[in-house]
Amino acid sequence: MTTLRINGENHKIDVPKDMPLLWAIRDIVGLTGTKYGCGKGLCGACKVLLDGSAVQSCQIPVSMAEGKEILTIEGESKNLQLLQKSWIEDNVAQCGFCQPGQLIAATSLLDKNKNPTDEEIETAMAGNICRCGTYQRIKKAIHKTVELKKQS
Amino acid sequence: MGVVKNISRRSFVKSIGLASGGLVLACNTSIFSNEEKAPENFTSFNPNLFVQLNSDGSLILVSSRSEMGNGVRTSLPSVIADEMEADWNRVSVQQATGDEKYGNQNTDGSKSIRLFFKPMLTMGAMAKAMLISAAAIKWKVPESECLAKNHFIIHTSGKKIAFGDLVEIAKTLETPSEDSLKFKNPKDYKYIGKGLQSVDAENISNGSAIYGLDKRLPNMKFATIAHCPVTFGTVKSFDKTEALKIAGVENVIEIKPVDRPFGTLGGIAVIATNTWAAIKGKEALVIEWDLGENKSYNSSIYLEEITKNVHKPGKVSKDKGNINNAFKNASRTIEATYQLPHLAHAPMEVPNTVAWYRNGVCDVWAPTQVAQTAREEVKEALQIELDKVTINVTLLGGGFGRKSKPDYVAEAAILSKETNNPIQVVWTREDDIKHDYLHTVSAQYFKASITKDNKISGWLHRFAFPSITSTFQKGVEYPGGWEINSASNLPYNVDNLRVEVGKAPAHVRIGWLRSVINLPHGFAINVFTDELAHETTTDPLEFRLNFLSKDKKAKKLQTNRLRNVLNIVAKNADYGKKLPEGHAYGIAIHKSFQSYVASIIEVSVINNKVTVHNVYIAIDCGLVVNRDTVIAQMEGSAIFGMSLAFYGKITAKDGEIEQSNFHDYQMARIHQTPKIHVEIVKSTKPPTGVGEPGVPVIAPAIVNAIFAATGKRIRKLPLIDEGFTV
């Protein structure tokens, strides 16, 4: 048995130790907000926070995630919720499939950097593919979130 | 005329999944387009648009089109709400299942707004008229003293009543004649032309939106399928021993190929309790394939073969004037050949479907652009009646034309029937790249004649590419007429024009990808035009403005609209200004899906590293329903166009697709994103396409800008194969 702590809740699951966290989250725990895009750590659709760092959950076996705090798109975090608000207000998403991964990557960025430059945003988000091409809006929505935080 | 019907009391309401009790209006949109008289008896009335107003004021609209980032679940409902004077906050959208009664559900060809704008307006106006009538009856006042505003009917005396409180009376009314309807003045539109937020934005952002991959059913199993590496190859034998040893793998089943355009390729399916086990199980299969007749397909050799075919006379498909005389009398001629590779769609959500077959009935949940075709495929695969198949359309994680080909849908249905379990079929990304309906590979040859006063007197365009028709009719070796029009409707003023097509048999499944044949045609025509500007030592903008036709033909092709968008981007880019060292502008214009688009793109090239700094893009797509969606589609088109210009290439070697995932089929990323400046032409003309027409102008404008910056002329994509980094 493996215990995964996801969004503040413990989930006891019986899976092979080498099962990627992505599939444990989606198929065993049943949280489908975290997406499969490539399975090879190339697209970022599966990103979750693992002890505060954004990781591609398709590349992390459950054995490595055990005992760590996992935050998915369904979870609660101040920066995540603020970013979600900006995402909605700015109509960032088109098809939306990659956006949970984008939001997790952006959350990790803002958790570590209160006021990222364009370049820092690009570096932090370069691992996330959006086939619809919403990058310009993603950048804008991250900047907007920073501004909202400054004002509040 | 009875085009719109009040069906509040009909049992039919249940069959479209609406709760009874409200005012339900239905209409048949095909009647709007054909202007046929509506059938009078209900049994032959085939409505495909539905509006339900409930007594609590909630307004439900059935969306018959698929949502894949095109914004259709927001745009079309907003048209009804606007014309009806409804409060947008009271609207909810219910997704239609795949059914002929909804009319055309094929969400491709950039045609949702084109087909449905007018019917939606009419539905809104009809509902509004009935609510006004209901209020007039209730208050015993003339209808002329009532008006609708923000979900209320208001009387001249100032009293008002909520829409919902009028439902009981409105339900009993006959629908008014279409001639009697009063439509809003477009300047009073509240939602149309503005930028309403997507109705799915919140669910997408919090992870609760349900795509096909997210559908779950009790006891559902997960399946992956090993398809033959070579298109149309078949299974000779297989050994499932090792696969069955994987924890979680429950079953291994052979799927026979179905010889239909959207039939399954067939293969070996691994069924497991989770996706990971199904993937591992697939890897553990030992399969001996009969690779079939496409095993010798090498796309790079093939491209050289079709290039030879465009260097010799082909079949003439358009011949205006006398091209040979033009060449003979020319002061000089110029020739160029362009080569473009296959492309894969690669939507972020891979092909997948959930199916549940039991007791002769099959329920399906699929991310599909073509719900009715998917239904037909399931019916054929299971050999059951059409009315036993229900296709529930989930959100699509991108489509771009891939999800117009429902080969993956029936696979789930077949496996569900075999196993008596609900099954989710998941294609891995590798499956997606290797077994796509590929965008065609193409060779295009041009020859133009230039007179001694520097005018273009002749234009020969000869091209060869495997046709999409080959997917529907095996053995087809030449393009269909609709794959030629974007070359033969040349918007330029040239007296002698010939278009010829060369032979090109297909060895993979060829399909339509966002913008379809406008990608190769738009690319080659725009780059060759640039070459002509250079050859005649004319500024590329000035050359195009002069070359755009002004004669009789121009009226039909509406080249004035192309000229207008070109002037707009020139103004927005401040064309002619001095750019930083190493920077240059490139231009492209193209009409497709009845819309007119121009782009000017600023690049810099330093040590062969291309950076795209600014994309100025203008579109004339007639009347705009959701302004923000149009802007988003143009922004997305720029990125989609950059991906294919920089990286886009799928190759086959010995019949097998060489690429497999995003490392060798790369996409443009955020650090490569330029500033994208979009202007939409203000227009009251009928709405035209938006999802696709932005893409064809991107790659040629980049290539033309690279030429302006470096003097290097690129005639082949992708750029990473031509000595550039990006």
Side-chain angles (χ1 to χ4, degrees), chain A residues 15-16 18-20 22-24 26-28 30-40 42-43 45 72-75 81 83-100 102-103 119 121-139, chain B residues 67-71 195 197-198 200-211 213-214 216 222 247-248 273-277 279 346-350 395-400 426 428-430 628-629 632-633 635-640 642-643 661-663 667-671 673 675-676:
Chain A
V15 298
D18 65 342
M19 177 185 277
L22 166 68
W23 299 114
R26 285 184 56 80
D27 295 354
I28 313 296
L31 292 171
T32 55
T34 305
K35 304 302 187 199
Y36 165 74
C38 69
K40 297 283 192 291
L42 299 164
C43 77
T72 71
I73 188 69
E74 293 93 346
Q81 262 77 65
L83 284 159
Q84 285 167 332
K85 194 162 169 273
S86 301
W87 245 245
I88 295 164
E89 282 173 8
D90 284 4
N91 265 340
V92 169
Q94 288 184 33
C95 87
F97 190 81
C98 75
Q99 299 299 345
Q102 305 277 3
L103 280 155
E119 207 172 39
I121 291 174
E122 286 172 1
T123 306
M125 306 297 292
N128 289 69
I129 294 174
C130 174
R131 186 69 164 131
C132 299
T134 62
Y135 302 127
Q136 178 157 291
R137 292 186 186 216
I138 287 172
K139 251 193 242 182
Chain B
E67 178 62 64
M68 51 188 172
N70 46 342
Q197 200 173 76
S198 159
D200 297 306
E202 193 169 331
N203 287 349
I204 284 171
S205 297
N206 65 26
S208 67
I210 301 295
Y211 299 84
L213 268 182
D214 304 328
R216 295 289 181 262
F222 299 81
T273 55
N274 62 78
T275 316
W276 172 241
I279 291 171
M348 288 311 294
E349 182 199 27
V350 290
L395 287 179
L396 282 66
F400 313 115
V426 180
T428 63
R429 177 59 64 197
E430 288 77 7
D628 192 64
T629 301
Q633 286 298 313
E635 291 168 353
S637 294
I639 303 297
F640 201 92
M642 282 169 60
S643 288
N661 209 317
F662 292 126
H663 64 291
M667 300 296 152
R669 291 176 184 256
I670 196 167
H671 61 281
T673 300
K675 290 196 175 69
I676 306 163

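A, B, ... follow the sequence lines: proteins, then strands. Residue 1 opens every chain.
Proximity to chain B is limited to the side chain of A:Ala93, based on heavy atoms less than 4.5 angstrom apart. Neither the backbone nor the side chain of A:Leu31 comes within contact range of chain B; no heavy atoms are under 4.5 Å apart. Contact of B:Ser643 with chain A is made through the side chain alone, with heavy-atom distances under 4.5 Å. In this structure, the portion of A:Asn128 lying under 4.5 Å from any heavy atom of chain B is its backbone and not its side chain. Looking at A:Arg137, the atoms closer than 4.5 Å to chain B (heavy atoms on both sides) all sit in the side chain, from C-beta outward. Interface remark: A:Ile28 contributes side-chain atoms only to the contact with chain B (heavy atom separation under 4.5 Å). For B:Met348, the parts lying near chain A are the backbone and the side chain together; criterion is any non-hydrogen pair under 4.5 Å. The part of A:Leu103 that comes within reach of chain B is its side chain, from C-beta onward, which places non-hydrogen atoms under 4.5 angstrom from that chain. For chain A, the nearby part of B:Ala209 is the backbone; its heavy atoms alone come within less than 4.5 Å. Both the backbone and the side chain of B:Phe662 come within contact range of chain A, each with at least one heavy atom under 4.5 Å from a heavy atom of that chain.
The two atoms that bring A:Cys43 and A:Cys38 nearest to each other are N-SG, 3.5 Å, heavy atoms only. Contact detail for B:Glu349 and B:Leu395: the closest heavy-atom pair is OE1-O, 4.1 Å. Across every non-hydrogen atom of B:Ala247 and B:Ala277, the tightest pair is O-CB, 3.4 Å. The two atoms that bring A:Cys95 and A:Cys132 nearest to each other are N-SG, 3.6 Å, heavy atoms only.
B:Gln197 is linked by a side chain to side chain donor-acceptor pair (under 3.5 Å) to nothing, counting only residues two or more places apart in sequence or in another chain. For B:Thr629, the side chain to side chain contact (heavy atoms under 4.5 Å, CB included) test picks out B:Asn626, B:Gln633, with sequence neighbours left out.
Once rounded to the nearest 0.5 Å, the distance linking CG of B:Leu396 with CZ of A:Phe97 reads 10.5 Å.
Close placement of the A:Trp23 and A:Tyr36 rings is indicated, their centers lying within 6.0 Å of each other.
Between chain B and the options A:Ala126, A:Pro100, A:Ala24, A:Gly33, the largest number of non-hydrogen pairs under 4.5 Å is found for A:Ala126. With respect to chain B, the highest number of heavy-atom pairs below 4.5 Å among A:Thr123, A:Ile121, A:Asp18 belongs to A:Asp18. Put simply, of A:Glu122, A:Gln81, A:Glu89, the one with the most heavy-atom pairs under 4.5 Å next to chain B is A:Glu122. Contact tally against chain B (heavy-atom pairs below 4.5 Å) for A:Glu74, A:Met19, A:Met125, A:Lys85: the top residue is A:Met19. If you tally non-hydrogen atom pairs under 4.5 Å between each of B:Asp628, B:Asn203, B:Ile204, B:Asp214 and chain A, the highest count goes to B:Asp214. Ranked by non-hydrogen atom pairs under 4.5 Å with chain B, the options A:Pro16, A:Gly96, A:Gly39 are led by A:Gly96. The most heavy-atom pairs under 4.5 Å with chain A, out of B:Arg216, B:Arg429, B:Arg669, B:His663, come from B:Arg669. Chain A forms the most heavy-atom pairs under 4.5 Å with one residue out of B:Ile639, B:Thr273, B:Asn661, and that residue is B:Asn661. Between chain A and the residues B:Thr275, B:Asp200, B:Asn274, the most heavy-atom pairs under 4.5 angstrom are made by B:Thr275. Counting heavy-atom pairs closer than 4.5 Å to chain A, the top-ranked of the candidates B:Ser637, B:Pro347, B:Gly399, B:Ser205 is B:Ser205. With respect to chain A, the highest number of heavy-atom pairs below 4.5 Å among B:Thr428, B:Ile210, B:Val350, B:Ile676 belongs to B:Ile676.
Among A:Gln99, A:Gln94, A:Lys139, the one residue that satisfies the side chain to side chain donor-acceptor pair (under 3.5 Å) test with A:Thr134 is A:Gln99.
For CD of B:Glu202, the number of neighbouring non-hydrogen atoms (other residues, nucleotides, ligands) closer than 6.0 Å is 12 at most.
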